[in-house]
Every structure is written in C-alpha cells, then in structure tokens.
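Step one of this worksheet: look at the structure below.
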There are 2 protein chains.
Amino acid sequence: MTSVLIVDDHPLQRLGFRMLLENAPETDVIGEAAHGAEAVRRTATLRPEVVLMDIRMPGMDGIEATRRIVAGGGRSKVLVLTTFDLDEYAHAALRAGASGFLLKDARPEELLAGIRAVAKGDAVIAPALTRRLLDTYADHLLTGPRGRQAEDDPRYQALTDREREILVAVGQGWSNGEIAERLVLAESTVKTHVGRVLAKVGARDRIQAVILAYDLGLTRPQPPA
Amino acid sequence: MTSVLIVDDHPLQRLGFRMLLENAPETDVIGEAAHGAEAVRRTATLRPEVVLMDIRMPGMDGIEATRRIVAGGGRSKVLVLTTFDLDEYAHAALRAGASGFLLKDARPEELLAGIRAVAKGDAVIAPALTRRLLDTYADHLLTGPRGRQAEDDPRYQALTDREREILVAVGQGWSNGEIAERLVLAESTVKTHVGRVLAKVGARDRIQAVILAYDLGLTRPQPPA
DNA sequence: GCGAAGGTGGTACCGGCGTACTACTCGCTC
DNA sequence: GAGCGAGTAGTACGCCGGTACCACCTTCGC
C-alpha cells in the first residue's frame with residue numbers, strides 16, 4: 001500500500017485524484033494540500049511515500065515546494081503533475097529533485113504505474129517529454145542526424161510554389177492585407193490562396209499554419225534583442 | 001488500431017505478447033519474427049507502426065536490427081524489450097534509434113501504454129533506467145539545455161503567472177474556447193486574459209503571440225509525425 | 001484547338017477574435 | 001477597514017479571417 005499526499009489548488013482536481021487512488025488497491029490517500037506551503041508542512045507530518053504535486057498554485061508553487069520537500073531529506077518522493085507539456089516546467093521540476101514528471105492528460109493506469117515506480121525509487125517522465133529529452137541529449141547519447149525538413153513533408157509537397165510563398169508569409173505573422181501589399185495582390189486573392197493552403201495541409205486556421213511553418217523549419221525562432 | 005510486429009527468438013515469449021496484444025482493443029499483431037534478419041525483412045514488407053524488439057537473439061541481435069530498421073527510413077518505430085536492466089543495452093538501443101526501452105517485467109498496461117506512446121511518436125524508458133539516466137545528465141539539467149531566455153525577456157517578466165500560462169496556451173495554437181475548456185474557465189475570462197497578454201507584450205493579435213512564444217522558447221518546433 | 005492546372009480576382013456570409021467597458025471576489029498590504 | 005493587484009466573468013460591438021461560391025486569364029501538354 002503506497003501512501004499518497006495530493007497537492008493541487010483545485011478541490012475538484014483533488015477529488016478526481018482521490019477517486020482514482022482510493023479505488024486502486026495499491027494506493028492510499030492520506031492527505032491533501034491546496035498550495036505549496038501546506039504541502040511542505042503536511043509532508044513533514046504525514047510522511048507520505050509519494051507526493052502528487054501540481055505546479056501552478058497560489059502562493060508557493062509546486063517547484064519550490066518540491067525543492068523544500070526533497071531538501072528535507074525524508075523518504076517522500078515527489079511526482080509532479082501538470083497540464084502543460086513545457087520543457088521549462090519539466091527541467092525545473094527535475095532540477096528541484098522531483099522523481100517524476102507526468103502530464104494531467106495521462107491515462108489513469110499510467111498515473112498509477114508512475115506512482116508505483118516512484119514509490120519504488122525509480123523515475124518516470126511523460127513520453128512526450130522523453131522524446132525531446134532524448135533529442136536534447138542526442139549529442140551525448142545518439143549518433144547520426146534524424147531530422148527531416150520541409151521538403152520531405154507530404155503536406156508541404158502538396159503545395160504549389162505560390163502556395164508555399166503564402167505559407168511562409170502567413171508564418172511570418174502577416175495579415176491577409178499585409179501579404180496582399182507585399183506580394184502585390186488583391187486581398188481576395190490572398191484569401192483564396194490561404195484557404196487552399198489551409199485545406200491542403202490540414203490546418204484549421206492560420207494559427208495552425210504558423211505552427212506548421214515553425215515545425216517544418218520554414219520560420220526559425222528569432223531570439224529577442 | 002496500432003499494428004505491431006513481434007520480434008523474439010522464443011516462441012513461447014512471442015505467444016505471450018500475442019495473447020496480450022490481441023486482447024487489447026487498440027493493438028493488432030500483424031506478424032512475428034524469430035531473429036534480427038527476419039525482423040528487418042518483415043518490417044520492410046509489413047510496415048508495422050511499432051516493432052516490439054528483443055535484444056538477445058541468435059544471429060543478428062535486436063540492436064543491429066533496430067539500427068537497420070531505423071536507417072531504412074520507414075514509419076516503423078522500434079520499442080526494445082529486454083529482460084536485463086543493463087545500461088549498456090539501453091544506451092546501445094537508443095543510440096541505434098529505438099523509440100523506447102522497456103523491461104520484460106513491466107506490467108501489461110505499462111507495455112500497452114508504451115506501445116501507444118511510441119506509435120504517437122513519443123518515447124518511453126523503463127522507470128528503473130530513467131532514474132539512472134537523470135542522474136547521468138543531472139549536470140545538464142542544472143543549467144538547462146537552451147538556457148532560460150524567456151525569463152530574461154522584459155515582455156515575459158511583465159506577465160503574471162496566469163498570463164504566462166495563457167501565453168503558452170495561445171502558443172500551442174489553442175482557440176479561446178479550447179483554452180477555456182482545458183483551464184476550466186469561461187471564454188470571456190480567457191478573452192480578458194488574452195487581451196491583457198497581447199497588450200503587455202505588444203502583440204497585435206494572437207498570431208504575433210504564437211510567434212513570440214516560439215521566439216522565447218516557450219514552444220518548440222516538433223518534427224512532423 | 002482543347003482541357004487541366006495554376007494564378008488572380010470578385011461577392012457574400014458568418015463566426016471567432018479583439019476591444020472596451022463594468023463588476024465581483026480573493027488575498028495581500030497599509 | 002480601505003486600497004490594490006490578480007483572477008474571474010459578463011455584455012456589446014466592429015472587424016478580420018475563413019468559406020463558399022463564381023469568373024477570367026495564362027501556360028502548359030496532348
């Protein structure tokens with residue numbers, strides 16, 4: 001039986017976790033906390049095996065709370081759970097000493113497996129993040145480049161020359177009017193092109209197209225001045 | 001439905017996997033192979049989404065087979081499964097291009113979750129190994145891979161915690177309605193937040209905000225599936 | 001000479017986005 | 001208790017974006 005402390009500022013979210021964990025045969029919820037400071041206090045007194053930690057909370061956040069709990073030196077392991085698949089969050093959490101980092105859209109079984117692993121002294125990382133973690137340390141671990149670029153993507157291949165120009169323009173963040181101005185076209189023409197591009201690449205709106213342009217490497221992030 | 005090719009030199013082991021995967025609603029075993037060379041051939045013809053690969057096999061082993069399959073450039077992802085929790089195996093497998101590394105003592109649900117993740121383009125590593133992997137690269141985590149440019153930017157600094165969350169959400173390409181749904185807010189509230197974010201960072205519309213999110217490294221380009 | 005594909009333009013309509021308010025509730029500080 | 005910032009929520013309105021059409025023009029290939 002693994003004892004768990006639930007830390008989240010949303011009562012409904014805590015309830016959800018409690019429902020799941022109390023219906024599982026191997027976990028036992030021994031307490032809850034609504035923010036970081038409370039989490040640190042309760043961990044000291046209740047000594048749970050696993051602390052289920054949200055990041056974004058009023059007052060002390062989950063990262064700082066994790067840091068203090070780990071620094072406390074008890075047996076408690078911290079498993080960070082968050083809505084956002086953000087590298088910054090993950091790195092901060094792991095840097096703070098968390099034993100795991102999972103996303104809240106994980107399936108119940110995955111969460112339970114994560115708790116089990118963390119209680120055993122192992123570590124878990126959300127698969128979506130593991131991918132990027134491996135990519136990040138590719139130099140140390142992997143050999144051989146494995147990145148494909150725009151020209152290999154079937155969605156990009158489906159576009160005509162003019163449409164590719166339009167996609168790049170959209171990726172720059174230009175409005176239809178601006179594109180019309182810079183490419184010397186009528187705005188209605190730009191709309192026609194943009195519409196076709198969206199249909200061909202399967203994008204819902206120009207925002208998805210901007211994201212696609214970045215993912216394909218058509219537009220590169222430019223560090224702020 | 002995820003198509004799977006089972007590679008293992010023990011018939012009984014293959015049967016075990018087949019039992020598990022055929023009783024799962026989301027996986028479909030489309031073939032088996034008893035050694036590396038056969039695995040490479042079958043992968044080329046059957047084009048499974050996921051190859052379940054054993055390491056120790058007579059003739060060509062799983063590492064070499066993985067290397068060839070990945071080099072082939074198909075869509076197939078390799079998930080390496082082994083009995084032995086050896087760092088050398090894991091590193092060799094990942095260096096060869098495997099998308100995952102799990103131990104055979106994993107629970108059925110964990111294996112299914114792993115297959116699901118790998119098929120999606122994510123990566124999985126056995127928790128026991130993740131622990132050691134994190135320890136190995138602890139020093140890299142200390143500084144962070146790309147540094148922290150977002151925190152240094154005055155525009156980002158001007159945002160409150162909630163507004164930063166909103167900026168990330170906008171950067172993901174989510175509509176106001178989707179953000180409201182995922183963060184459990186009213187759409188009007190999301191609009192208020194987005195409006196304030198745009199004003200603070202000096203963005204004309206949410207598209208500029210998406211671009212800013214990329215430039216600040218809040219969102220990273222993800223290679224196409 | 002004809003059709004197909006690509007590029008250019010137009011009209012009309014609707015929905016989501018952005019903005020400009022206002023207002024209530026916390027938790028904090030003074 | 002007054003004041004403030006942050007978060008949440010509402011209404012109303014104008015505008016841009018996305019779509020569904022259609023029309024015309026080139027440049028090809030057959």
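Just so it is clear: chains get the letters A, B, ... in the order the sequence lines come, proteins before strands, and each one is counted from 1.
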Interatomic distance, Arg164(A) CZ vs dG7(C) C1' [rounded to whole Å]: 16 Å
Distance in angstrom units between Glu187(A) CD and dC15(D) P, rounded: 13 Å
Earlier contact from the 5' end, DNA chain D, for Ser175(A) and His10(A): His10(A)
Rounded distance in Å - CG (Leu183(A)) to C1' (dG9(C)): 15 Å
Donor-acceptor contact present, side-chain Arg164(B) to main-chain Leu159(B), <3.5 Å: yes
Any donor-acceptor pair under 3.5 Å from Thr66(A) side chain to Gly62(A) backbone: yes
Proximal nucleotide (of dT8(D), dG17(D), dG18(D)) relative to the Asp205(A) side chain: dG18(D)
Under 3.5 Å donor-acceptor, Glu110(A) side chain and Arg107(A) backbone: yes
Length of the line joining Met57(A):CE and dG7(D):P, which is rounded to integer Å: 15 Å
Residue met sooner reading DNA chain D from 5', once Thr160(B) and Arg206(A) are mapped to nucleotides: Thr160(B)
Main-chain N/O of Glu49(B) paired with Ser76(B) side-chain donor or acceptor, under 3.5 Å: no
Nearest-Å distance for atom pair CD/C1', residues Gln208(A) and dG17(D): 14 Å
Main-chain N/O of Asp8(A) paired to Arg14(A) side chain as donor or acceptor, under 3.5 Å: yes
Glu178(A) and Arg204(B): CA distance, side-chain angles, deciding distance, salt bridge (charged side-chain N to carboxylate O under 4.0 Å, His left out) verdict: CA-CA 13 Å; Glu178(A) 285 171 336; Arg204(B) 171 179 63 186; 2.7 Å; yes
Between P of dG18(C) and CG of Leu167(B), the distance in whole Å: 13 Å
Phosphate-side-chain proximity, Asn176(A) and dC16(D), N/O vs OP1/OP2 below 4.0 Å: no
Expected output: side-chain Asn23(A) to main-chain Met19(A) donor-acceptor under 3.5 Å: yes
Interatomic distance where CD belongs to Glu178(B) and C1' belongs to dG16(C) [whole Å]: 12 Å
Nearest-angstrom distance from the residue atom CD1 of Ile179(B) to C1' of dA9(D): 16 Å
Phosphate-side-chain proximity, Arg204(B) and dG18(C), N/O vs OP1/OP2 below 4.0 Å: no
Nucleic acid contacts - residues 189-200 of chain B versus DNA chain D, non-hydrogen atoms under 4.0 Å: Thr189(B), Thr192(B), His193(B), Arg196(B)
Sugar-phosphate only, base, or nothing, as touched by Ser188(A) at under 4.0 Å among non-hydrogen atoms: base
